[in-house]
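Numbered from 1 within each chain, the chains take letters A, B, ... in sequence-line order. Just so it is clear, the values below take in all heavy atoms, side chains as well, and ignore hydrogens, waters and symmetry mates.
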Amino acid sequence: MSGATAKFSSSYHLAAALRREPDPAAALRLFLSPTPTAAAGPSSSPAPPFRYSLRCYDIIVCKLAAARLFPAMESVLARLPSSLRPREPLLCRVISAYGRARLPAAARRAFAHPAFPAPRTARALNTLLHALLACRAPLPELLSECRGSGIHPDACTYNILMRAAVADSGSVDNACLLFDEMLQRGIAPTVVTFGTLVTAFCEAGRLEEAFKVKEVMSLQYNIRPNAHVYASLMKALCEKGKVDDAHRLKEEMVSNSEPLVDSGAYATLARALFRLGKKGDVVSLLEEMKEKGIKVGREVHNSMIAGFCEDEGDLDAAFVALGDMQKGGCKPDSVSYNTLVGGLCKMGRWRDASELVEDMPRRGCRPDVVTYRRLFDGICDAGGFSEARRVFNEMVFKGFAPSKDGVRKFVGWIEREGDAASLESVLCQLASVNALESSEWEKAMSGVLHDPAEQKIVKLLDNLRLA
DNA sequence: CTAGGGTTAG
């Protein structure tokens with residue numbers, strides 16, 4: 001009995017410790033050897049490892065997935081005893097982590113992973129479709145995934161397919177065909193479906209049709225346009241220079257819908273006003289939000305940071321805005337920092353940008369692809385190549401591919417240095433983040449391969465392509 | 001953390 005309690009409590013404590021550990025690699029070590037010192041009581045002989053709870057697996061897999069430590073994550077999944085059947089939410093997390101990392105084949109493999117109980121539901125299928133969409137898989141591939149699965153599509157499935165249709169063909173018409181098909185199959189469109197259509201028409205610049213969808217949804221389907229719908233329409237109006245119309249639409253939005261504590265649409269307006277140099281109007285916009293009890297959300301803060309960085313060129317004000325954001329109870333995210341990094345780089349202050357990026361983890365924000373790309377590009381633009389080399393190593397180590405533009409400049413520098421060994425290692429690093437196959441990139445390389453190391457590197461390239 | 005928007009790149 002007490003043994004059972006001890007076991008339970010060990011697994012429980014391990015789960016708590018895993019959850020507490022911010023460093024995923026450290027969490028993994030904890031997971032692999034959970035009983036180093038403290039756990040071993042005075043009377044305990046070399047304790048047999050207690051049975052891990054599903055919870056422990058959940059936590060460690062999620063942590064590793066979020067940190068993109070995929071090989072480690074897979075090995076943990078492989079260690080799952082067959083008595084433990086992790087549930088679908090975990091599967092969905094794994095699939096979408098692969099989607100975010102742009103690894104479609106891995107996402108498919110995860111979907112079929114035997115550790116998870118069959119049969120798959122529409123939810124898992126939809127997660128896979130969404131991951132494939134994130135990987136820019138063409139629509140036909142998504143469709144065949146649907147057919148092959150034998151799972152009944154739901155509204156969510158169609159919403160994803162419609163997004164994919166727009167992303168793939170760039171035309172709204174295929175999305176409309178899918179909409180018709182969904183009606184024929186008796187699947188009721190949701191507010192998301194209409195929001196997707198509105199956005200699609202807006203992105204295509206077809207504002208009249210976008211507004212028509214808004215009308216149809218409320219008149220024929222009795223579904224009220226929500227903040228998403230308004231945000232898309234307002235953004236499109238702002239892009240056409242019709243900021244006053246966007247303003248009027250915002251009035252309608254506020255008077256129309258009750259549960260609008262959503263500040264997203266305000267972000268568009270704020271940024272548009274910044275672009276027009278109307279900072280004063282932004283101030284009254286913020287006051288209006290306060291009056292109406294709408295919380296000034298992250299996006300609004302970020303759009304102001306962007307306004308100060310890009311429209312005003314006033315980095316000091318941008319940092320003040322960052323401080324206001326925190327004071328307002330809003331945690332800056334990578335968008336906030338990325339904007340500042342870009343702003344600093346644009347002013348030639350890449351050393352400050354570098355420092356800011358280094359400070360991000362301490363501030364509770366992980367640098368992402370965009371962070372590194374902007375920093376790397378900025379440093380390369382300014383010719384700070386030895387710092388660029390450091391950033392390059394760091395980003396590649398974390399699995400992020402640099403932009404083509406940055407790579408071109410960076411490789412050009414190495415060429416001028418005439419350092420073949422360095423070039424070779426940069427190639428390997430690029431290959432490791434799948435940044436080696438674009439034709440654009442090959443063009444950038446073609447001018448480089450002319451010294452004695454050429455043959456060797458060409459061979460290396462061939463080998464890498466085969467892999 | 002099954003789907004849509006708004007703030008940063010492309």
Sugar-phosphate only, base, or nothing, as touched by Gly195(A) at under 4.0 Å among non-hydrogen atoms: nothing
Donor + acceptor pair across side chains of Ser334(A), Asp368(A) (<3.5 Å): yes
Touch class at under 4.0 angstrom, heavy-atom based, for Arg100(A) against every strand present: sugar-phosphate
Interatomic distance, Tyr372(A) OH vs dG10(B) P [rounded to whole Å]: 18 Å
Rounded distance in Å - NZ (Lys235(A)) to C1' (dG5(B)): 9 Å
Shortest side-chain distance from Glu299(A), nucleotide among dG5(B), dG6(B), dT7(B): dG6(B)
Pair Phe308(A) + Phe319(A): ring centers closer than 6.0 Å: no
is_close_aromatic(Phe111(A), Phe116(A)), centroid dist under 6.0 Å: no
Length of the line joining Ile305(A):CD1 and dA9(B):P, which is rounded to integer Å: 13 Å
Touch class at under 4.0 angstrom, heavy-atom based, for Val191(A) against every strand present: base
Sugar-phosphate, base or nothing in reach of Arg373(A), heavy atoms under 4.0 Å: nothing
Check: dG4(B) base within 3.5 Å donor-acceptor of Asn226(A) side chain: yes
Between Tyr57(A) and Phe31(A), ring centroids under 6.0 Å: yes
